[in-house]
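Here's the structure, in structure tokens; my notes come after.
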Amino acid sequence: MKNLQYNSPDKNGFYGEFGGAFIPEMLYPNIKNLEENYLEIIESDEFREEYLQLLKDYVGRPTPLYFAKRLSEKYKANIYLKREDLCHTGAHKINNTVGQILLAKKLGKKRIIAETGAGQHGVATATVCALMNLDCIIYMGEIDMKRQAPNVARMRMLGAKIKPALSGSKTLKDATNEAIRDWINNPEDTYYLIGSVVGPHPYPDLVAKLQAIISQEVQEQLYEKTQKRNPDYVIACVGGGSNAAGIYYEFLNQPEVKIIAVEAAGKGIDTGQSAATSKLGTLGIIHGSKTLLMQTKDGQITEPYSISAGLDYPGIGPMHAHLLTSKRARFMSVTDDEAMSAGLLLSKTEGIIPAIESAHAFAVLEHLNFKKSDVVVINLSGRGDKDLESYINHFNL
Amino acid sequence: MKKLNTVLNQNHKKLSIYFTAGFPELNDTSSIIKALEASHVDFIEVGLPYSDPLADGPTIQESSKKALENGFTTQLLFQQLHDLKNQCDVPLILMGYFNVILQFGVEKFCSQCQNIGIEAVIIPDLPLEIYEKDYRKIFEKHNIHPIFLITPQSSEKRIRQIDEISHSFIYMVSSASTTGGTKGFGDNELKYFDRISKMQLKSKLITGFGVKDNKTFEQAAANTDGCIIGSAYINFLKENKINQTAEFINQIRNY
Ligand SMILES: Cc1ncc(COP(=O)(O)O)c(C=O)c1O
């Protein structure tokens with residue numbers, strides 16, 4: 001029988017040929033410790049109870065599965081939105097940080113470090129650190145700190161210390177490098193709380209399992225509304241791939257569900273200003289994981305571009321690389337302009353202003369041909385408050 | 001080129017220098033190697049610059065960035081080393097992150113190393129398990145052997161495992177840090193050097209990370225076979241000429 005295990009890695013941390021832990025020896029004890037303990041901890045009754053309670057009372061889950069009537073009429077299908085934008089702090093990112101902070105506590109760690117690009121994961125990390133009274137250090141590219149000043153202020157209010165990443169291109173990939181270097185320098189008391197399904201094994205699996213709550217809820221909610229547990233399509237945007245991993249998780253091993261991954265084409269695939277890793281990436285190693293990434297032919301990692309700060313990561317997580325090459329998922333990409341228009345359209349038709357990241361997922365509706373009976377679930381990964389300035393500049397609002 | 005193990009078996013404390021290829025200028029590789037050889041360095045680590053060097057501190061990060069801006073490529077380095085092959089006797093080791101080697105082609109990389117007479121490589125982000133499972137055969141076919149790192153946090157079991165697979169020396173990372181730490185060595189580091197040296201490993205032990213002057217060299221070499229210096233030499237090159245290299249080396253050895 002064909003192996004349908006798309007949502008979990010093998011015992012060495014590989015999804016097909018992607019994944020693994022390509023880490024310097026300095027990180028070996030910490031990664032090993034995590035690898036040996038994460039499954040037992042996150043699958044324990046005690047953890048589940050605490051995690052689910054916090055998701056309910058603190059994050060505000062379950063998030064609604066909303067039938068978008070006007071959008072459905074426009075695109076001639078039955079379109080449902082998974083409202084991760086209604087989570088506390090405004091995006092799906094907090095599902096992961098709530099889980100990892102509980103794990104860090106179980107592992108006896110006192111100091112939390114994280115990377116952030118747009119600042120969404122940084123805010124979600126600072127939030128749970130405040131909640132748990134743990135030291136929080138956030139690495140953020142110096143350039144991103146200027147672009148995302150309100151999130152820097154939020155993190156500071158929440159008690160986090162922000163360290164500018166001054167190396168390399170001074171953006172997300174460099175913030176991630178700096179966080180990893182911090183971990184090398186502080187191997188005893190520190191926990192690295194990574195923000196997407198990237199990095200060395202077991203992080204991609206850990207983050208996917210903590211985001212899986214999204215698809216678990218969708219199954220129940222869809223059953224309530226349609227008496228079907230599986231939709232025909234699941235659509236999500238992919239930066240590193242955590243919101244996508246979350247909404248795909250329970251459906252990956254159900255071959256009848258079509259999986260659509262949407263990447264940021266930026267100004268266009270061939271303009272040199274893009275973040276469409278599935279089109280532009282090649283096999284390599286980034287942040288300890290063997291996956292597809294954007295690089296020169298000499299193996300130097302290149303800087304991606306997207307109007308949305310949350311999608312400009314130069315790689316995709318190993319699970320997604322495997323979904324692409326095994327053809328389990330269809331990868332599409334949309335430009336800045338298409339995403340912005342889709343964001344405006346969702347605002348005007350449904351009264352929901354999405355994060356620009358999430359708007360990418362809506363832009364592909366223009367390019368898909370649905371049957372009238374098709375049930376389509378789109379992950380609305382975050383809200384647009386943080387992006388108001390970009391919307392203002394783009395549309396001269 | 002002399003055999004690495006011939007040099008390691010000599011009866012003095014070894015001094016090895018790391019430099020980033022392509023820094024300060026693209027074609028400085030050969031003059032740096034010649035200057036180091038003339039200063040009686042025991043072996044030399046040639047670094048392949050990488051855009052995202054995870055295990056490196058600011059000094060080596062910056063030199064790598066500069067080298068890449070200068071137009072460095074892996075193929076160019078092999079050309080430079082090939083041209084130098086018959087003019088230098090000191091063993092060379094290549095140090096590079098795995099992505100750069102993967103893009104060049106692992107087999108092609110090993111075969112070009114072998115051509116030049118290089119026997120050992122340091123690939124900090126290629127862990128033992130993955131090396132054994134996926135790459136060992138290719139490396140051994142070309143008689144290339146990786147040098148593995150250990151740290152103060154490494155378990156005894158892990159160290160014995162690494163000792164088992166090593167062909168020359170184990171790279172003993174001095175403390176929990178990226179390269180170029182400048183704190184100097186305290187009780188913890190000295191105890192760790194002592195603990196490892198008492199393990200009676202079959203491999204030689206060479207200490208690196210944070211060795212920067214005569215004092216740290218003496219401390220780190222006291223219980224081991226010698227030291228590797230990287231960031232301190234790169235910093236020296238920022239302020240001085242390559243042909244002043246002997247001054248740097250003599251000050252480390254206190255000649
Ligand atoms: C709202 C939102 N959606 C999506 C992403 C992209 O990340 P991922 O692909 O891990 O879901 C981000 C990242 O900042 C985000 O803030």
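Lettering of chains follows the sequences in order, A, B, ..., and the numbering in each one begins at 1.
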Max heavy-atom pairs within cutoff under 4.5 Å with chain A, candidates B:Q153, B:R158, B:Q61, goes to B:R158
Most contact-rich option vs chain A, by heavy-atom pairs under 4.5 angstrom, among B:E62, B:Q75, B:K133, B:E129, is B:E129
So, the part of B:I123 with a heavy atom under 4.5 Å from chain A: the answer is neither
Highest number of heavy-atom pairs under 4.5 Å with chain A among B:P58, B:A176, B:P53 belongs to B:A176
If one checks every heavy atom of A:D182 against chain B at 4.5 Å, the contacting part turns out to be neither
Whatever's closer than 4.5 Å to a heavy atom in chain B on A:Y28 counts as side chain
Ranked by heavy-atom pairs below 4.5 Å to chain A, first place among B:T178, B:L102, B:T151, B:V100 goes to B:T178
Correct closest heavy-atom pair for B:F19 and B:I44 would be CE2-CG2, 3.7 Å
### Cation-pi, A:Y305 ring and A:K267 (6.0 angstrom, 45 degrees)
yes
message = Could you check whether B:K137 makes a cation-pi contact with B:F139, meaning its NZ or CZ is under 6.0 Å from the centre of the six-membered ring and within 45° of the ring axis?
response = no
Relative to the ring of B:F43, is the ring of B:F169 parallel (under 30°), tilted (30 to 60°) or perpendicular (over 60°)? tilted
- Query: Should A:D144 and A:R147 count as an ion pair when the cut-off is N to O under 4.0 Å?
  - Reply: yes
Per side-chain hydrogen bond (donor to acceptor under 3.5 Å, both in side chains), A:R111 is matched among A:D189, A:D135, A:T190 by A:T190
**Asked** Cation over ring, B:K65 on B:F72, under 6.0 Å and within 45°?
**Response** no
Highest number of heavy-atom pairs under 4.5 Å with chain A among B:L54, B:D56, B:L149 belongs to B:L54
Honestly, the part of A:L283 sitting under 4.5 Å from a heavy atom of chain B is backbone
Of B:A55, B:S64, B:S175, B:P127, the largest count of non-hydrogen pairs under 4.5 angstrom with chain A goes to B:P127
Okay, B:L128 and chain A: the region with an atom under 4.5 Å from a heavy atom over there is neither
Ranked by heavy-atom pairs below 4.5 Å to chain B, first place among A:S169, A:A21, A:P200 goes to A:A21
Can we say B:E156 and B:R160 salt-bridge, meaning some charged N sits less than 4.0 Å from an Asp/Glu carboxylate O? yes
Parallel, tilted or perpendicular: rings of A:H322 and A:Y6 (30°, 60°) = tilted
Counting heavy-atom pairs under 4.5 Å with chain B, the top scorer among A:K32, A:Q295, A:K297 is A:Q295
- prompt: Between A:F22 and B:Y97, does the ring centre distance come in under 6.0 Å?
  reply: no
Applying a strict 4.5 Å limit to non-hydrogen atoms, the region of B:F209 in contact with chain A is side chain
Honestly, the part of A:I180 sitting under 4.5 Å from a heavy atom of chain B is side chain
